[in-house]
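Reviewing the structure listed below.
First listed ligand is number 1; within each ligand, the first listed atom is number 1. Side-chain atoms are counted along with the backbone in the values below, which use heavy atoms only and exclude waters and symmetry mates.
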Amino acid sequence: MREEIKKIKEESLTLIQSGLTRDELQELKVKVMGKKGSLTALLKQLGSLSSEERPLVGQIINEVRASLEQAWDEKMKELEEQALLKRLEEEFLDITLPGIMMPRGHQHPLTKVIEEIEDIFIGMGFQIAEGPEIETDYYNFEALNLPKDHPARDMQDTFFITEEILLRTQTSPVQIRTMEKLCPGLPVKIIAPGKVFRNDDDATHSPMFHQVEGLLVDRGVRMSDLKGILLTFSRQMFGEDRQIRLRPSFFPFTEPSAEVDVSCMLCGGKGCKLCKGTGWIEILGAGMVHPKVLEAGGYDSVQVTGFAFGMGVERIAMLKYGIEDMRLLFDNDLRFLAQF
Ligand code: 2NL
């Protein structure tokens, strides 16, 4: 048995030093010192020895076991250190390498103009209202004093989904919905920006465009309030030197109604190509809310009055940035967009 112990010891020590991998080293330990290992098997055979031999051989086995374990531990530690060094080498990160440039985008000019309009009206105490782009005939027409047989309904210009459901042609339905929601609360002081849809697609029109409408309903609201708000807006949008003028007009949802001109931002009013020599440029439509529209919102048109206005965002953007063709705003050509 002493011979066998010696053989196991020498073979094991040789193997431990023979350049095994960590897995192979682990396997070796199990084979020799595990439950069914060769050294463990010898320990079980001690019973067959004489009572003088038994403690001596037992001690030898334990000493061999201890020295094998020590050799094994040292080798394992060495292999683990090597593995760590290798990983550190492989995973070396050169933080001085130049990065990859991410081109930076920016907002679309229409989005910028919408947010600028919003900021101006928020500064005057208005709130932003939003609503569905798919509307009912009632909110888009009926409630705005455009009954079914009214000639001012542009049937050909409206995208109908069914007889009663359509794509909104203005953002006014948002304002009707807001009045319904707030009534009898006062004031209603909102602007409604958003997409609107009309079925007239040619060089100067797009089937989808953007509108901002405004509404102020309260006791004692007058046309002069409308004029003051619109003058403040025009000056913040187009320059502090601007003047505005109101010309009589007609909308079914306002009475009286007006078209609003701003003094030309290009020539200052002297007359140029942009203003066609008149010194004035039309920027929006407005008026005092028709009593029937106030009633549709739930308000008593004897007790309260209101003004409303509507402007096309594309037109405002073109005037503000000197864009001559509206299609540029929809083409998404980066050579154009990168200029804003
Ligand atoms: C234009 C003219 C306008 C309105 C929109 C409105 C909304 C309600 C009640 C009364 Cl809820 N009026 N909106 C009023 C006047 C003109 O738009 O040329 N838009 C591009």
- Query: For Phe197 and Thr158, what are the C-alpha separation, side-chain angles and deciding distance, and is it a side chain to side chain contact (heavy atoms under 4.5 Å, CB included)?
  - Reply: CA-CA 7 Å; Phe197 305 86; Thr158 306; over 6 Å; no
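- Inter-residue side-chain proximity for Leu144 and Gln170 is flagged as met; some heavy-atom pair is nearer than 4.5 Å.
- A salt bridge does not link Arg87 to Glu80: none of the charged nitrogens lies less than 4.0 Å from a carboxylate oxygen.
- Distance from atom 1 (C) of ligand 1 to its nearest protein heavy atom, with residue and atom name: Gly310 O, 3.5 Å.
- Counting atoms of ligand 1 from 1 in the listed order, those under 4.0 Å from a heavy atom of Gln211 are 19 (N), 20 (C).
- The heavy atom nearest to atom 5 (C) of ligand 1, considering only Phe253, Phe307, Tyr139, is found in Phe253.
- Of the charged side-chain nitrogens involved, none lies within less than 4.0 Å of a carboxylate oxygen, so that Arg198 and Asp200 do not count as a salt-bridged pair.
- Close approach of ligand 1 to Glu213 (heavy-atom distance below 4.0 Å) involves ligand atoms 4 (C), 5 (C), 6 (C), 7 (C), 13 (N).
- Atom numbering of ligand 1 starts at 1 in the shown order; those under 4.0 Å from a heavy atom of Thr254 are 10 (C), 12 (N), 14 (C), 15 (C).
- Nearest residue to atom 6 (C) of ligand 1 from Ser249, Ala308, Pro173, Gly312 is Ala308 (criterion: closest heavy atom).
- Taking the six-membered ring where tryptophan is involved, the planes of Phe336 and Phe340 are perpendicular, since the angle between them exceeds 60° and thus also 30°.
- Using a 4.0 Å cut-off between heavy atoms, Ala286 contacts ligand 1 through its backbone alone, with no side-chain atom that close.
- Remark: Arg245 does not engage Glu259 in a salt bridge, criterion side-chain N to carboxylate O under 4.0 Å.
- Residue Gln175 approaches ligand 1 through these ligand atoms, each under 4.0 Å from one of its heavy atoms: 7 (C), 8 (C), 11 (Cl).
- Heavy-atom proximity to Val293, at under 4.0 Å, picks out these atoms of ligand 1: 9 (C).
- Remark: Lys75 NZ is packed, more than 12 non-hydrogen atoms of other residues, nucleotides or ligands lying under 6.0 Å away.
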